[in-house]
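Okay, structure first, notes after.
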Amino acid sequence: MCGRITLKVVPGELAASFGLPVEPPLEPRYNIAPTEPVAAVREPAGELRRCDLLSWGLVPPWSRDPRIGAKMFNARSETVAEKPAFREAFAHRRCIVPVSGFYEWRRRGGRSEPHYFAAPGDGLLGLAGLWERWEYPGGDVLESCSVLTAPANRLMRRIHHRMPVILPEGSYERWLTTAADEVDRLTDLLVPAPDDALRTWPVSPAVNDARADGPELVEPVHDDPPDQLNLF
DNA sequence: CCAGACGTTGTT
DNA sequence: GTCTGG
DNA sequence: CCAGACGTTGTT
DNA sequence: GTCTGG
């Protein structure tokens with residue numbers, strides 16, 4: 001799965017990686033949690049590609065309460081085309097969530113150990129996403145998004161059994177612009193990333209607190225020793 | 001017909 | 001909005 | 001995802 | 001245990 005992400009870019013990097021006409025003004029973030037604003041690249045039909053901040057956690061347009069979004073920050077790629085909450089967004093409103101990396105937690109002996117995942121060379125990754133539009137009773141609009149997940153690859157499996165869908169750079173255009181009646185041809189993209197697409201290392205549990213933010217959160221810490229009973 | 005769900009993860 | 005269950 | 005609350009009345 | 005907030 002994917003429940004925390006980071007996005008730190010040098011000027012020009014986002015535009016270059018995702019083919020944006022203008023570089024969006026984004027502050028570096030090292031701990032973006034569900035319900036928070038997250039960057040999303042979209043390409044509306046006939047318009048320029050753009051990057052906006054959307055609320056992380058998709059709110060279906062028929063929802064009566066936008067707080068449902070807190071549970072909709074991931075969508076299973078295996079079922080996204082059928083699920084009532086996601087299928088319209090999958091057909092018509094796909095996006096790419098640019099990230100520098102993401103965190104996954106390994107559960108061991110009742111403890112939850114955060115690990116960071118990033119690309120070798122620290123380039124940006126493009127996560128497969130969906131977005132949706134929801135209107136408050138007063139007419140204000142909430143745009144929100146969700147990150148697709150796939151089974152873990154070999155690297156990820158040491159930590160967790162699900163992972164975000166990472167799009168190859170060459171498939172960004174196809175992911176963003178495939179017509180609704182052809183989305184069944186996108187399934188080749190909804191797979192675990194190759195093992196060499198990511199590096200990983202353990203990080204401090206300081207990241208557990210969603211209010212924490214800063215470059216120190218992605219610094220490696222020593223791996224805990226394997227579980228053992230210290231009798232003295 | 002109306003009522004109620006609509007989601008993922010992890011744990012048992 | 002649309003589907004499932006009763 | 002994890003952390004933290006989980007309640008009401010009345011007063012500031 | 002379950003929900004809300006970040």
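Chain letters run A, B, ... following the sequence lines, proteins first and then strands; every chain starts at 1.
- Side-chain rings of A:Tyr172 and A:Phe18 approach one another, their centers coming within less than 6.0 Å.
- Put simply, the side chain of A:Leu124 reaches to within 4.5 Å of the side chain of A:Glu13, judged on heavy atoms.
- The number of heavy atoms from other shown groups lying within 6.0 Å of CZ (A:Arg199) is above 12.
- A:His92 places its NE2 atom 12 Å from the C1' atom of C:dG1, with the value rounded to the nearest Å.
- Rounding to whole angstrom units, CD1 of residue A:Ile5 and P of D:dC1 are separated by 15 Å.
- If you take CZ of A:Phe90 and P of B:dG7, they are 15 Å apart, rounded to a whole angstrom.
- Atom-to-atom, NZ of A:Lys83 to P of C:dT4 comes out at 11 Å; the value is rounded to the nearest Å.
- Using modelled atom types and a 3.5 Å distance limit, the side chains of A:Thr149 and A:Arg162 yield a donor-acceptor pair.
- Comparing D:dC1, E:dG6, B:dT8 by their nearest atom to the side chain of A:Thr35 picks out E:dG6.
- As judged by a 4.0 angstrom heavy-atom cut-off over every strand, A:Ser112 is placed among residues touching the sugar-phosphate backbone only.
- The separation between A:Arg87 atom CZ and B:dA5 atom C1' is 12 Å, rounded to whole Å.
- When heavy atoms are screened at a 4.0 angstrom cut-off, A:Arg76 is found touching the sugar-phosphate backbone but no base atom.
- The number of heavy-atom neighbours closer than 6.0 Å to CD of A:Glu27, taken from other residues, nucleotides and ligands shown, is 12 or below.
- Within the nucleic acid shown, A:Ala85 comes within 4.0 Å of sugar-phosphate atoms alone, with no base atom in reach, counting heavy atoms only.
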Both atom distances under 3.5 Å, Watson-Crick or G-U wobble: I'd like the secondary structure of DNA chain D as a dot-bracket string, with | for pairs made across strands.
||||||......
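- Counting only heavy atoms from C-beta on, A:Arg211 has its side chain closest to E:dG6 among B:dG7, E:dG6, B:dT11.
- At a non-hydrogen distance threshold of 4.0 Å, A:Trp62, A:Lys71, A:Met72 from residues 52-73 of chain A come into contact with DNA chain B.
- With A:Trp131 as the aromatic partner, A:Arg94 does not meet the cation-pi criteria of under 6.0 angstrom to the ring centre and within 45 degrees of the ring axis.
- Between E:dG6 and B:dT8, the distance separating the two P atoms is 25 Å to the nearest Å.
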Write out a two-atom table: protein N or O, nucleotide N or O from nucleotides 2-4 of chain B, distance below 3.5 Å.
none

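- The side-chain heavy atoms of A:Ser100 and A:Leu125, taken from C-beta on, include no pair separated by under 4.5 Å.
- Residue A:Asn74 contributes atom CG, which lies 17 Å from atom C1' of B:dC6 at whole-angstrom precision.
- Side-chain N/O atoms of A:Thr149 include none lying less than 4.0 angstrom from OP1 or OP2 on B:dT8.
- Hydrophobic clustering places A:Leu53 together with A:Val99 (ILVMFWY residues linked when any side-chain heavy atoms are closer than 4.5 Å, directly or through intermediates).
- Regarding A:Leu127, its CG atom lies at a distance of 14 Å from the C1' atom of D:dC1, rounded to whole Å.
- Nucleotides E:dG5 and D:dG7 are separated by 12 Å at their P atoms, to the nearest Å.
- D:dC1 sits 15 Å from B:dT12 when the P atoms are compared, rounded to a whole Å.
- Relative orientation of the A:Tyr116 and A:Tyr103 rings is tilted, given thresholds of 30° and 60° on the angle between their planes.
- Salt bridge absent: A:Glu47 and A:Arg42 never bring a charged side-chain N and a carboxylate O closer than 4.0 Å.
- Cluster annotation: A:Leu7 is not connected to A:Leu54 through the hydrophobic network of ILVMFWY side chains, with a link wherever side-chain heavy atoms come within less than 4.5 Å.
- Between the CZ atom of A:Phe86 and the P atom of C:dT2 there is a distance of 18 Å, rounded to whole Å.
- For the pair A:Leu127 and A:Leu167, the minimum side-chain heavy-atom distance is 4.5 Å or more.
- B:dT9 and D:dC2 have their C1' atoms separated by 13 Å, given to the nearest Å.
- Residue A:Arg50 places its CZ atom among 12 or fewer non-hydrogen atoms of other residues, nucleotides or ligands, all under 6.0 Å distant.
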